[in-house]
Amino acid sequence: ATGRGALWGVPIVIKANTSIKGRVTTAGWAGFTRPEHELVAPKDATVVAKLTAAGAIILGHTNMPDLANSDTNRSSSFGRTGNAYDVRYSPGGSSGGTVTAVAANFAVLGNGTDTGNSIRMPAATSALVGVYPTRGLVSIAGIAPLDWLLDNTGPVARTVADAAIALSVMAGEDPADATTAGSAAAAQPAPYASYLEDGALRGKRFGVPAFILAGDGIPFHGIPAAVPAAAAERLRTAANMPLAPETRAAFLTAIEALRAAGATVVIDDTILPVAFARTASRVATYAYMRDGTDRFLDGFGPPAYRSADAYLKAVGAPLFTSSIGTEDHFRLMGGVRIDQRLFATDPAAERDYHAPRRATLAAYLEPLERLKLDGYVYPAIQIPPPDETMPQDGRLSEGPHSATSWVNMIGVPAIVVAGGWYENGLPFGLEFSARPWKDGDLLAIAHAWEQATTRRRPPVLVEQGLLPITPGRAR
């Protein structure tokens, strides 16, 4: 035995919202880089400590949008990150910096974070593997939150095998994150590479969520129970995102490849219909944004500010709006004002969060049992990666968008793999999800897809790629 860890000597990158001791946890936001008020991490996030203990070499932090609150990758600290396949296009957000670094071979793998799609959607733009573990399998302690009741972290890699090795390192119970309590007994045991088999798709059965094909929306952060049904339905349908024709075509091509590999794919209007989207929309979390921020700062903030109030006092300006729950389009919803509250003591938490979450999970599991499915398969994003040199819907591009935030609302495992290619040479991403705590089985499915289809191809250098090269002028 060498005594070396599973990631000994492996170069990795860490998303900028994940604490590295002695480094500034910018979370992409200029407010954490103010001179003399930087958020210097007093210790490593749990996943960073695990990765370094396994021998990984951290190259640095990767860019991200401010506090992860975007579907593309523009940061007030560091500017924009482009797609490794064509820098004009969006790499998605909010883990677009990690995704571009890994896709461009700057690192072997990295961590992303995911509150509504933010590991999976960027991975889909760049022909990578992005893992959203069962929530509670991996600690999020030391990660600056977007919405701590939805946040998760997992690996981004070029192959499923690399992702499985990284997830084995990252997983485990952590006293600093109560959601991990009991995970060792509930989860399939690591190492996750032991689940990988080339022919694992043979005999598998997958359902296609009807609401995703229909483009039915689920609003980010959900809708509290106090919002009347009619107003809630208006808010929900305002979040509709139709599936682009070229994305639908790429998905149907991927389904044929799944069937050719021995899987059965069931398309049926009763599989997660619009009623599922309505149920999931009531998992409401916005009232607890500030609570999550205060929890993070209490353990991983600098001495000058261990809470949102202390930041305001020290800096003379408030924290980012999403961090303290002051975005009007979320806190004023359907005629109801959402004030910030403490999750642990809020009597409305049962009605607004726990009960609808249980109902949504039950609705998710019902077709799996009724139709004897091994999981679901669907497009990871609803549209191709947009060209950010052009307006999107008449305004500055806000990145590609997905219909996958329900995964975060119920905490089930999901994984994105390279699913195909658009005519312009950009990747199409395919997403699978499974039963809670079946992360090993899900990785096996993704690995078998990867081996059966070999869909991924690396980006080429700019000199050979999609971007025109303008020769420099002679002086």
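From a predicted model like this one, the values you see are computed outputs, not experimental measurements. Each residue takes its place number in the sequence, starting with 1. Hydrogens, waters and symmetry mates are skipped; everything else that's a heavy atom, side chains included, is used.
- Residue K438 places its NZ atom among 12 or fewer non-hydrogen atoms of other residues, nucleotides or ligands, all under 6.0 Å distant.
- In the model, T125 has no side-chain atom that pairs as donor or acceptor with a side-chain atom of Y85 under 3.5 Å.
- When the options L146, N152, L67 are evaluated for a side chain to side chain contact (heavy atoms under 4.5 Å, CB included) with T115, the one that passes is L146.
- Counting heavy atoms from C-beta on, the side chains of V131 and I119 never come closer than 4.5 Å.
- Nearest heavy atom pair, residue L149 against residue Y288, reads CD1-CD1, 3.6 Å.
- The shortest side-chain heavy-atom distance between F206 and I445 falls under the 4.5 Å cut-off.
- You'll find the side chain of V412 stays beyond 4.5 Å of the side chain of R435, heavy atoms only.
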- Item | Trace of the side chain to side chain contact (heavy atoms under 4.5 Å, CB included) decision for I58 with T52 | CA-CA 8 Å; I58 296 176; T52 53; 3.4 Å; yes
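- Counting heavy atoms from C-beta outward, Q382 and P400 have side chains that stay 4.5 Å or more apart.
- Ion pairing of E388 with R88 is absent here, as no side-chain N (NZ or NE/NH1/NH2) approaches a carboxylate O to less than 4.0 Å.
- At a cut-off of 3.5 Å, with distance as the only test, a side-chain donor of T134 or D439 sits close to an acceptor on the other residue.
- Counted by atom type alone, T113 and K15 present one or more donor-acceptor pairs between their side chains at under 3.5 Å.
- Using a 4.0 Å cut-off between charged nitrogen and carboxylate oxygen, R158 and D162 do not count as a salt-bridge pair.
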- Message: The test is side chain to side chain contact (heavy atoms under 4.5 Å, CB included); show your working for N69 and E327 and say whether it passes.
- Response: CA-CA 11 Å; N69 199 25; E327 301 159 287; 3.0 Å; yes
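- Y364 and S433 form a side-chain donor-acceptor contact under 3.5 Å, judged by distance and modelled atom types alone.
- Taking the six-membered ring for Trp and the full ring otherwise, the centers of Y286 and F220 sit at least 6.0 Å from each other.
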- Mind running side chain to side chain contact (heavy atoms under 4.5 Å, CB included) on I271 and Y376 for me, showing each step along the way? CA-CA 9 Å; I271 298 175; Y376 297 103; 3.6 Å; yes
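- Ion pairing between E450 and R456 fails under the 4.0 Å rule for side-chain N and carboxylate O.
- The minimum heavy-atom distance between A164 and A193, with the atom names listed, is CB-N, 3.8 Å.
- Applying the ring pair (Phe, Tyr, Trp, His ring centres under 6.0 Å) criterion to F251, with sequence neighbours excluded, gives no partner residue.
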- Message: Applying ring pair (Phe, Tyr, Trp, His ring centres under 6.0 Å) to F432 and Y378, what does each step give before you reach the verdict?
- Response: CA-CA 7 Å; F432 296 92; Y378 44 93; 8.3 Å; no
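- Taking all atoms of both residues into account, the shortest heavy-atom contact from W437 to R135 is CH2-O, 3.9 Å.
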- Item | Steps toward side chain to side chain contact (heavy atoms under 4.5 Å, CB included) verdict (L167, L137) | CA-CA 9 Å; L167 183 61; L137 183 66; 4.2 Å; yes
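- Looking at D216 and R236, a side-chain N of the basic residue comes within less than 4.0 Å of a carboxylate O on the acidic one, giving a salt bridge.
- Considering only residues two or more places apart in sequence or on other chains, F276 meets the ring pair (Phe, Tyr, Trp, His ring centres under 6.0 Å) condition with F211, W406.
- More than 12 heavy atoms of other shown residues, nucleotides or ligands fall within 6.0 angstrom of atom CZ in R259.
- A donor-acceptor pair shorter than 3.5 Å can be found between the side chains of N111 and T18.
- Across every non-hydrogen atom of L365 and P436, the tightest pair is CD2-CD, 4.0 Å.
- Across every non-hydrogen atom of P91 and N73, the tightest pair is CG-CB, 4.0 Å.
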- side-chain hydrogen bond (donor to acceptor under 3.5 Å, both in side chains) assessment of T72 paired with S90: CA-CA 6 Å; T72 191; S90 174; 2.9 Å; yes
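- Residues W29 and F78 keep their aromatic ring centres 6.0 Å or farther apart.
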